[in-house]
Number of protein chains: 2
Amino acid sequence: VVDGTVSLRAVPGLPIVRPGDDLAALIKAALAVAEIDVQNGDVFVVTSKVVSRAEGRFARLSEVTPSPRARQLAEAVDKDPALVQLILDESTSVSRTAPGVVIARHRCGIVSALLLPADPDASAATLRAKLVAQLGCHVGIVISDSLGRPFRFGTVGHAIGAAGIVALDDRRGTTDLYGRTLEHTEVALADQLAAAADMVAGQAGEGRPVVLIRGVDRQGNGRAADLLRPPEKDLYA
Amino acid sequence: VVDGTVSLRAVPGLPIVRPGDDLAALIKAALAVAEIDVQNGDVFVVTSKVVSRAEGRFARLSEVTPSPRARQLAEAVDKDPALVQLILDESTSVSRTAPGVVIARHRCGIVSALLLPADPDASAATLRAKLVAQLGCHVGIVISDSLGRPFRFGTVGHAIGAAGIVALDDRRGTTDLYGRTLEHTEVALADQLAAAADMVAGQAGEGRPVVLIRGVDRQGNGRAADLLRPPEKDLYA
């Protein structure tokens with residue numbers, strides 16, 4: 001943030017996204033209609049929901065055959081065994097369970113039967129490459145999802161995919177205004193971009209799945225995977 | 001967000017805050033010098049660090065006498081017993097410990113020997129009352145702190161105090177663009193405001209402890225305490 005100003009703007013006029021749609025082309029067309037110019041360092045935050053829809057990441061619960069483990073867990077938490085099977089298929093491990101709740105590692109946020117993009121960092125990289133080519137600007141991409149958190153109520157936008165930006169901002173060695181070395185040395189910039197955009201995108205009901213953020217301009221090669229704390233470094237795994 | 005646009009702007013020219021300073025007066029003066037007009041629904045996000053400094057929330061480690069419990073814990077985690085005593089004094093419970101790490105309930109984010117404001121929601125309410133009186137606008141306040149999180153690397157701005165805004169946005173009963181009832185029904189708006197502002201404020205080293213956010217305009221009576229999940233509802237307590 002060079003001059004202390006950041007703006008967020010929903011890209012207006014995007015159609016409902018359908019499987020097979022070219023998101024980059026839809027975004028480019030919407031920008032042209034709205035006469036929005038794009039600049040180097042701009043970041044598009046795109047909800048996982050529209051990326052998943054474009055990628056056709058649907059599942060029919062009626063076509064899922066729950067395993068014995070899924071049936072057992074579904075019984076324990078009082079959920080649809082087919083849905084629990086989908087959660088298990090999309091997870092590396094189950095973190096916590098309670099009646100009505102299954103928290104699975106790295107694959108939270110499954111909404112209805114729409115799965116997360118298969119590889120959100122790859123989806124972000126692909127979308128970025130297309131937009132850079134089509135717009136002629138070095139833009140960044142964050143794919144966001146609204147997730148719950150331990151300790152706190154309410155969802156917040158998180159980065160589940162990223163490309164072309166600094167995702168985890170290492171500030172080691174810098175000092176604060178009072179001359180002290182910073183104790184918090186790494187900032188989850190990609191998550192902050194996602195959280196900020198979530199205020200504008202709201203839920204999908206508002207039809208603002210793509211938000212343009214200007215003024216942060218932290219180009220880099222980060223990925224959302226940079227933000228994932230591995231279980232062996234996680235006191236809450 | 002009415003028209004899909006949100007802007008964030010650091011309030012420039014604030015002096016280094018000292019114990020006893022009137023933050024509202026400092027902010028009002030800085031706004032006047034920078035010729036920034038304020039509107040109803042604007043939100044000021046203020047870092048906890050400057051609120052703590054204004055409130056004189058300093059502690060001298062040399063004046064702290066560690067209890068036996070603090071000495072024992074300090075030995076286990078290899079930290080200064082006086083610092084551990086301060087952490088214990090500011091906490092309701094200790095959540096996790098590891099070498100070099102003490103995670104305490106609701107009082108994370110102690111930076112050096114500067115404590116969090118004693119009652120951040122009350123600090124936010126007081127600051128808001130003064131600013132509303134002095135500026136003649138219904139502004140909101142978020143007091144923010146950069147905190148680490150389970151599962152993910154990097155800090156993100158969180159709301160530790162709030163006044164004059166909706167903190168936890170209840171969206172139950174609304175449907176998404178595709179007609180489905182929303183599964184995530186509560187949004188931690190105050191945390192999203194804090195995360196967004198953190199991109200502009202950076203760390204205190206950049207000297208941008210107050211950020212003005214325009215365009216969200218969700219006036220209400222929320223407090224940051226609305227966001228705190230009590231231990232009995234927390235699977236990670």
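Order of the sequence lines sets the chain letters (A, B, ...), proteins ahead of strands, with each chain counted from 1. No hydrogens, no waters, no symmetry mates; every other heavy atom, side chains included, goes into these values.
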Does this structure show an ion pair linking A:D191 with B:R149, if we count only N-O contacts that are shorter than 4.0 Å? yes
If you look at every heavy atom in B:R53 and B:V17, which pair is closest and at what distance? NE-O, 2.8 Å
Counting only heavy atoms closer than 4.5 Å, note whether B:L227 contacts chain A via side chain, backbone, both or neither. both
Contact origin within A:D226 toward chain B - heavy atom pairs under 4.5 Å: backbone
So which part of B:L212 gets closer than 4.5 Å to some heavy atom of chain A, the side chain, the backbone, both or neither? neither
Among the listed options B:A197, B:A159, B:A190, B:A194, the residue most often paired with chain A at heavy-atom distances under 4.5 Å: B:A159
Enumerate, atom names and distances included, each donor-acceptor pair closer than 3.5 Å involving a side-chain atom of residues 33-43 of chain A, sequence neighbours excluded.
from  : atom 1 : to     : atom 2 : distance (Å)
A:N40 : OD1    : A:H138 : N      : 2.8
A:D42 : OD1    : A:R214 : NE     : 3.0
A:D42 : OD2    : A:Q39  : N      : 2.8
A:D42 : OD2    : A:R214 : NE     : 3.3
A:D42 : OD2    : A:R214 : NH2    : 2.6

Can you name the residues that form a side-chain contact (heavy atoms from CB on, under 4.5 Å) with B:D170, not counting sequence neighbours? B:R172, B:E186
